[in-house]
Amino acid sequence: MPELPEVETVARQLDRRMRGARLRDITVLDRKLSTDVLEATGGRIVRIYRSGKQVVFELGFGRAAPRFLVVHLRMTGRLVWTDQKGSYDSEGMMTNDGFDASTKSLRAKLRFDRGELFFFDTRRFGTLTHHSNVSDFAPRGVEPLSADFTTEQLHAMLRRAKQGVKAFFMRQDRIVGVGNIYASEILFRAGVSPKRSCHTLKRAEIEKLYAALRKVLSDAIAHSGTTFSDYRDSHGKSGSYQFRLAVYDRQDETCRKCRQAKIRRIVQQQRSTYFCPTCQR
DNA sequence: ATTATATCCTGATCGC
DNA sequence: TGCGATCAGGATATAA
């Protein structure tokens with residue numbers, strides 16, 4: 001489900017609501033999850049932030065070393081925070097009254113002094129892990145929105161890569177955060193065909209890709225990410241970037257830029273890629 | 001060393 | 001309505 005903008009949105013919302021809360025009790029309901037996470041019991045939330053596509057809960061233990069709970073939502077993971085004010089769903093929903101956690105996709109419950117955090121995940125690809133050191137869960141790739149990520153760096157990475165440009169942008173060991181939706185969107189914005197190989201890209205194209213990467217991700221964050229399911233009946237906090245998607249999931253629809261060509265869908269690495277054959281070369 | 005493929009899971013949707 | 005096939009916003013172990 002979530003790529004960088006969605007995970008950033010979740011982390012910000014949870015940080016605002018949960019910072020300072022004391023973790024009283026953890027219930028692990030899915031055997032796939034390690035019970036190591038119980039070691040975080042008793043900690044107080046110092047902050048919640050995003051690292052790559054992970055949500056990181058930093059827990060303080062007085063003078064003792066901090067510990068970290070790390071959630072990766074993968075395809076279908078959701079985090080729901082509930083307190084006296086209501087429930088906040090990481091898909092962007094605010095549910096005013098009684099939240100029902102009685103579903104089989106519930107994989108873990110974290111009870112705090114001020115509320116409760118539920119981890120749902122229907123496909124069970126998601127992970128919840130416990131770590132004592134930041135380096136143990138740090139992604140290998142660079143953060144695309146960080147100040148020290150430069151167009152020179154992207155240029156160097158692309159020159160080394162021998163694969164297609166779309167596959168490259170989805171590699172988390174080079175640049176973190178881009179998934180299947182934003183890969184198509186970034187290539188569209190840069191005017192680069194997804195069929196291109198990295199080593200054929202010219203300097204000017206790489207500069208466009210760099211700008212598109214940062215612009216698409218930061219715009220999506222500004223709109224609280226992309227929400228596919230539930231956005232119709234969501235209240236307020238729901239992501240709205242799905243209305244700004246230029247190509248993703250728009251097969252056979254007219255291109256919003258040239259207003260001529262129809263958006264095409266092809267399959268690359270068994271994933272859907274969407275592009276405009278006119279605007280992208 | 002790098003890059004394709006198979007695999008982990010469940011549920012919604014599609015075509016017959 | 002039923003049923004099998006196909007499709008999902010991710011990442012990794014394994015194979016080539």
Side-chain angles (χ1 to χ4, degrees), chain A residues 1-11 29-34 50-55 70-79 89-92 103-108 119-129 137-141 144 156-188 194-199 216-217 219-221 223-232 238-252 265-275:
Chain A
M1 173 190 287
E3 303 180 33
L4 184 151
E6 292 74 35
V7 180
E8 179 71 30
T9 301
V10 171
L29 296 125
D30 188 335
R31 299 181 169 288
K32 279 183 80 178
L33 299 177
S34 168
R50 178 192 60 77
S51 176
K53 293 180 187 173
Q54 304 172 126
V55 182
V70 178
V71 174
H72 197 310
L73 277 352
R74 296 286 177 96
M75 300 283 261
T76 54
R78 296 166 74 139
L79 291 169
D89 186 327
S90 65
E91 287 249 313
T103 155
K104 60 180 173 180
S105 70
L106 180 61
R107 305 187 65 205
F119 176 32
F120 293 97
D121 186 13
T122 52
R123 284 176 76 179
R124 300 169 67 208
F125 290 162
T127 56
L128 168 63
T129 52
F137 60 87
R140 293 180 56 203
M157 285 191 279
L158 284 167
R159 202 166 40 191
R160 254 185 303 153
K162 295 175 184 221
Q163 59 198 151
V165 65
K166 196 227 181 184
F168 170 82
F169 273 100
M170 291 182 64
R171 289 182 62 155
Q172 305 301 301
D173 60 341
R174 292 292 185 273
I175 301 167
V176 297
V178 177
N180 205 41
I181 290 184
Y182 294 109
S184 283
E185 295 299 313
I186 289 162
L187 293 176
F188 173 79
K195 295 174 179 174
R196 296 282 297 278
S197 289
C198 293
H199 59 86
V216 166
L217 294 179
D219 276 1
I221 291 171
H223 291 275
S224 305
T226 302
T227 314
F228 273 150
S229 56
D230 293 327
Y231 65 81
R232 270 187 210 85
S238 178
S240 62
Y241 197 75
Q242 63 273 15
F243 303 117
R244 308 184 99 77
L245 294 175
V247 288
Y248 187 82
D249 207 24
R250 299 193 66 238
Q251 184 178 14
D252 293 332
R265 173 185 179 270
I266 58 174
V267 175
Q268 298 180 304
Q269 285 86 40
Q270 21 248 53
R271 312 295 299 277
S272 295
T273 302
Y274 299 86
F275 70 105

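Predicted model, so just to flag it, every value in this text is computed and none were measured. Letters A, B, ... mirror the listed sequences (proteins, then strands); counts begin at 1.
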Review point. Is the side chain of S197(A) donor-acceptor paired with the backbone N or O of H199(A) at a distance under 3.5 Å, no angle test?
Key: no
Check your understanding: Across the strands shown, which category fits S105(A) at heavy-atom distances under 4.0 angstrom: base, sugar-phosphate, nothing?
Key -> nothing
Check your understanding: Over how many whole Å does the gap from Y248(A) atom OH to dA8(C) atom P extend?
Key -> 6 Å
Point to revise | Cationic N near anionic O, under 4.0 Å, D30(A) to R124(A) | key: yes
Point to revise | Side-chain N or O of H72(A) closer than 4.0 Å to phosphate OP1/OP2 of dG10(C) | key: no
Practice item. Report the base-pairing partner of dT6(C) (Watson-Crick or G-U wobble, both distances below 3.5 angstrom), or none. Key: dA12(B)
Point to revise | Of Q270(A) and A161(A), the one whose closest DNA chain B nucleotide lies more 5' | key: A161(A)
Revision key, fill the gap. When rounded to whole Å, the CZ to P distance for the pair R174(A) and dT2(B) reads 6 Å
Exercise for review: State plainly whether the residues R171(A) and D173(A) are in salt-bridge range, i.e. N to O under 4.0 Å.
Suggested key: yes
Revision key, fill the gap. Rounded to whole Å, the CE-P distance (M75(A) to dA8(C)) equals 9 Å
Practice item. Answer yes or no for this row: F125(A) ring on dA11(C) base, centroids under 5.5 Å, planes under 30°. Key: no
Point to revise | Selected nucleotide, minimal atom distance to Q172(A) side chain, candidates dT3(B), dA11(C), dC8(B) | key: dA11(C)
Check your understanding: Please give, in whole Å, the distance from dA13(C) P to R74(A) CZ?
Key -> 10 Å
Review point. Taking the side chain of E3(A) as its heavy atoms from C-beta onward, which of dT3(B), dG11(B), dG9(C) lies nearest to it?
Key: dG9(C)
Review point. Rounding to a whole Å, what distance do you find between Q269(A):CD and dA11(C):C1'?
Key: 14 Å
**Study point:** CA sep, side-chain torsions, deciding dist, call: T103(A), F120(A), side chain to side chain contact (heavy atoms under 4.5 Å, CB included)
**Key:** CA-CA 9 Å; T103(A) 155; F120(A) 293 97; 3.1 Å; yes
Review point. Between dG9(C) and dT3(B), how far is it from one C1' atom to the other, in whole Å?
Key: 23 Å
Exercise for review: Say whether, by atom type as modelled, one donor and one acceptor occur between the side chain of E6(A) and the main chain of T226(A) under 3.5 angstrom.
Suggested key: yes
Check your understanding: Does T76(A) have a side-chain nitrogen or oxygen under 4.0 Å from the phosphate oxygens OP1 or OP2 of dG11(B)?
Key -> no
Study note, to complete from the structure: From the candidates dG9(C), dT3(B), dG11(B), the one with an atom nearest any side-chain atom of E6(A) is dG9(C)
Point to revise | Side-chain donor/acceptor of R123(A) to base of dA8(C), under 3.5 Å | key: yes
Point to revise | Euclidean distance for P, dG11(B) against dA11(C) (whole angstrom) | key: 22 Å
Check your understanding: Are the side chain of E185(A) and the backbone N or O of V247(A) linked by a donor-acceptor pair below 3.5 Å?
Key -> yes
Review point. Rounded to whole angstrom units, what separation is found between the CZ atom of R124(A) and the C1' atom of dA11(C)?
Key: 17 Å
Review point. Hey, does the side chain of K104(A) come within less than 4.0 Å of dG11(B)'s phosphate (OP1/OP2), counting only N and O?
Key: yes
Review point. Picking from dA11(C), dG11(B), dA8(C), which would you name as closest to the side chain of K53(A)?
Key: dA11(C)
Check your understanding: Rounded to the Å, how far apart are I175(A) CD1 and dA11(C) P?
Key -> 14 Å
Practice item. For dA8(C), take OP1 and OP2 only and decide whether either is under 4.0 Å from a side-chain N or O of R271(A). Key: no
Point to revise | Rounded interatomic separation in angstrom, taking CZ from R171(A) and P from dG10(C) | key: 16 Å
